[in-house]
Enquirer: 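Let me begin by handing over the structure; questions about it come next.
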Amino acid sequence: MGRPESDDPDDEANERSELIPILDKDSQCDHIAEMTLSDDSPTELEPHMTLFSTVLFAVGQAIGSGIFVSPNEVIKQVGSPGMALVIWVASGLISMCGALSFSELGTLIRRSGGEYQYIRAAYGKLAAFLYMWVCGVLRNSMGCAVIALTSSSYLAAIFMSTEHAYFLITKKAGAAVAIAIIIAVNSYSTKYGVRMVNLFCVLKLAALFVLILLGVWKLCEGETENIGVGFRDSEMNPAVWTTAFFAALWSYSGWNCVNVMSGEIKNPKKNLPRALVISQLVLISLFLLANIAYCSILTLADLNDEAAIALTVGKKMFGRFGGSWGRFGEVFFGVSVAISSFGALSSSLIVCSRLPFIAAQEGMFPKCVALVQTRTGTPIVGLLYIGIMSFLCVWPTNIPELIGYVGFLSWFWWGLCFLAVPLLRWKMPDCPRQFKVCVAVPIVAFLSTVYLVVGPFFVDFWPSVSWVLLTLLGVPIYYGYVDDENTCTRWMDKIASILGKLLKAEL
């Protein structure tokens, strides 16, 4: 929230020092220094994540719902296995450019908050609030809802047909229960939440390796007719490809989440860029091999028609040994997908709870959201907030459409972050940087983002316009709320006091 008016020249000078885009370069560098970890910074969560934990965190965030729901959506949009593999490789390279760009920003601005902190440093408070207004309130909640629905859908599909009368309500209830369990675990302890992410990451990697080995087995038998379709009947409209890119990029989206946790990573100047590069190399390799396996085992009709493609893979490959083995294959991959998605949901909720917490510390969100539980050090209100919002977003059940919305919003703001890399270099050439990426990398990432954001306007115009209008709606809210704290300080302090006593938390 904005500061009350003051006649003190020192206060006015301090306020001007926050307006980075219009200041001299020395003042900008000083402000960035204030945004790194220091003794007088707002309350920081304890650094507890090693390089290994950080890599597993990023890989665990990516290998979740995406690799088990995106491949068939990519095939539907591009029309052929060959073009689908091109989309997956290109998506991995775009994500790699994004990860490298974020690693420079993450080591320059080391406060937890990720994109929020980068946008504020490069473009000012209004842009940072608009990011938090759209992404902190809606995008992150929709993303968590997609993951929760995927987990519960695959688990429910083991026991009942997707056409069953109670399948829909079972799926919704399962997603709500998954969200509640993860919120409860992370409310008890942040460290237990990270350990749960690490455990599920190991389990899901094992399931993915089994899928890849089944694909290798299929190819070694000389059965290449499915993947041999190549590029036949490929969709050649670049605007349509954007939908396929969003589906594939959804699977890679863990690369940005580590930066949000940068304040909780041990030795972030070294471990953050290393973790991002290592995790992306692992993901590109695994996702490419997994899609080759899908395209080898399943026909084009299977990929276009089946919603739970992992169950179909298990039934087809293990079914060769007899009917009971086919059922085993369905259960194995169904449970694996549910566990994989549950682990990704855990890491997503951990990350998403930090954004409103950090924004509240800096006056962008209600003060009560910055409450930290005294016993565990968990940002309890931020965690409960994102949990409730995710629960509300569970009820829309069109997963591909939600993925498209999340992709559009994410890459719009990520594009501004990529542009911030050369922008901050120009404004602050002498500011120390532990990691410095080649300037061509963020430029390539930004140009890719322009294509991804403009394309949907040619395919699905009105939803894209609605998100732009919703973002602009945050402008009057910013000037009426954030920039004028006298209008809401009294009731906000009262709510913060009540919640602090109820949850045993403090600012």
Side-chain angles (χ1 to χ4, degrees), residues 59 62-93 95-96 154 202-235 241 244-245 247-252 279-337 339-340:
V59 173
I63 304 176
S65 63
I67 192 59
F68 299 108
V69 298
S70 294
N72 56 337
E73 183 63 23
V74 173
I75 285 284
K76 287 178 184 178
Q77 297 299 326
V78 300
S80 70
M83 184 60 72
L85 293 178
V86 170
I87 294 292
W88 280 95
V89 173
S91 297
L93 295 175
S95 298
M96 175 68 80
Y154 267 86
V202 173
L203 294 176
K204 72 184 71 171
L205 282 174
L208 193 58
F209 283 135
V210 171
L211 171 65
I212 293 171
L213 289 175
L214 291 175
V216 172
W217 174 25
K218 181 82 169 179
L219 292 175
C220 288
E221 290 183 334
E223 300 181 29
T224 60
E225 60 274 10
N226 293 341
I227 198 170
V229 173
F231 291 86
R232 192 184 312 156
D233 300 324
S234 297
E235 171 64 56
W241 295 348
F245 269 113
L249 289 165
W250 166 259
S251 298
Y252 286 100
S279 62
Q280 284 306 299
L281 291 175
V282 171
L283 290 171
I284 291 173
S285 302
L286 290 176
F287 287 171
L288 186 59
L289 291 172
N291 276 275
I292 291 174
Y294 278 128
C295 293
S296 301
I297 297 169
L298 303 179
T299 64
L300 193 59
D302 290 333
L303 289 167
N304 277 314
D305 297 336
E306 295 291 339
I309 56 175
L311 295 182
T312 308
V313 167
K315 183 177 180 180
K316 278 197 170 189
M317 294 304 294
F318 285 93
R320 295 180 170 193
F321 303 104
S324 59
W325 279 99
R327 177 58 179 166
F328 167 79
E330 285 185 300
V331 173
F332 172 77
F333 278 103
V335 172
S336 297
V337 172
I339 291 176
S340 174

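In this chain, residues are counted from 1 in sequence order. If you're wondering where the values come from, they're calculated on a predicted model, not measured in any experiment.
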Enquirer: Could you tell me whether the side chain of Tyr252 and the main chain of Phe287 form a donor-acceptor pair under 3.5 Å?
Expert: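 Between the backbone of Phe287 and the side chain of Tyr252 there is no qualifying donor-acceptor contact (under 3.5 Å).
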
Enquirer: Decide yes or no on side chain to side chain contact (heavy atoms under 4.5 Å, CB included) for Val86 and Val78, but give the supporting numbers first.
Expert: CA-CA 10 Å; Val86 170; Val78 300; over 6 Å; no

Enquirer: Walk me through it: do Ile75 and Tyr294 pass the test side chain to side chain contact (heavy atoms under 4.5 Å, CB included)?
Expert: CA-CA 11 Å; Ile75 285 284; Tyr294 278 128; over 6 Å; no

Enquirer: Under the side chain to side chain contact (heavy atoms under 4.5 Å, CB included) rule, what do Ile67 and Trp88 come out as? Steps first, then yes or no, please.
Expert: CA-CA 11 Å; Ile67 192 59; Trp88 280 95; 4.0 Å; yes

Enquirer: Out of curiosity, Asn291 CG to Asn72 CG, how far, rounded to the nearest 0.5 Å?
Expert: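 That separation rounds to 10.0 Å.
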
Enquirer: Which distance, rounded to the nearest 0.5 Å, do you find between the CD of Glu221 and the CZ of Arg320?
Expert: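 The CZ atom of Arg320 is 4.5 Å from CD of Glu221, to the nearest 0.5 Å.
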
Enquirer: Taking atom CH2 of Trp325 as the centre, report whether more than 12 heavy atoms of other residues, nucleotides or ligands fall under 6.0 Å from it.
Expert: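 At most 12 heavy atoms, drawn from other residues, nucleotides or ligands, come within 6.0 Å of this atom.
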
Enquirer: Any donor and acceptor pair, going by atom type alone, linking the side chain of Ser70 with main-chain N or O of Ala247 inside 3.5 Å?
Expert: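 Looks like yes, one N/O pair under 3.5 Å.
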
Enquirer: Where is the tightest heavy-atom contact between Ile284 and Met96, given as atom of each residue plus distance?
Expert: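 Looks like CD1-CE, 4.3 Å.
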
Enquirer: Which distance, rounded to the nearest 0.5 Å, do you find between the CZ of Arg232 and the OG of Ser234?
Expert: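 The OG atom of Ser234 is 10.0 Å from CZ of Arg232, to the nearest 0.5 Å.
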
Enquirer: List the residues meeting side chain to side chain donor-acceptor pair (under 3.5 Å) with Thr299, not counting sequence neighbours, and say none if there are none.
Expert: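 Applying side chain to side chain donor-acceptor pair (under 3.5 Å) to Thr299 gives Asp302.
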
Enquirer: When rounded to the nearest 0.5 angstrom, what distance separates CG in Leu300 from CG in Asp233?
Expert: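 Those atoms lie 8.0 Å apart.
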
Enquirer: May I have the step-by-step check of side chain to side chain contact (heavy atoms under 4.5 Å, CB included) for Phe333 and Met317, ending in yes or no?
Expert: CA-CA 11 Å; Phe333 278 103; Met317 294 304 294; over 6 Å; no

Enquirer: Which pair of non-hydrogen atoms, one from Ser91 and one from Phe245, has the smallest distance, and what is that distance?
Expert: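 So the minimum-distance heavy-atom pair works out to OG-CD2, 3.3 Å.
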
Enquirer: In chain order, what residues pass the side chain to side chain donor-acceptor pair (under 3.5 Å) check against Gln77, with sequence neighbours excluded?
Expert: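 Once residues adjacent in sequence are excluded, the partners of Gln77 under the side chain to side chain donor-acceptor pair (under 3.5 Å) criterion are Glu73.
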
Enquirer: Working to the nearest 0.5 Å, report the span between OG of Ser80 and CD1 of Ile87.
Expert: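 Those atoms lie 9.5 Å apart.
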
Enquirer: Among residues at least two apart in sequence or on other chains, which ones pass side chain to side chain donor-acceptor pair (under 3.5 Å) with Trp241?
Expert: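 Partners of Trp241 under the side chain to side chain donor-acceptor pair (under 3.5 Å) test: none.
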
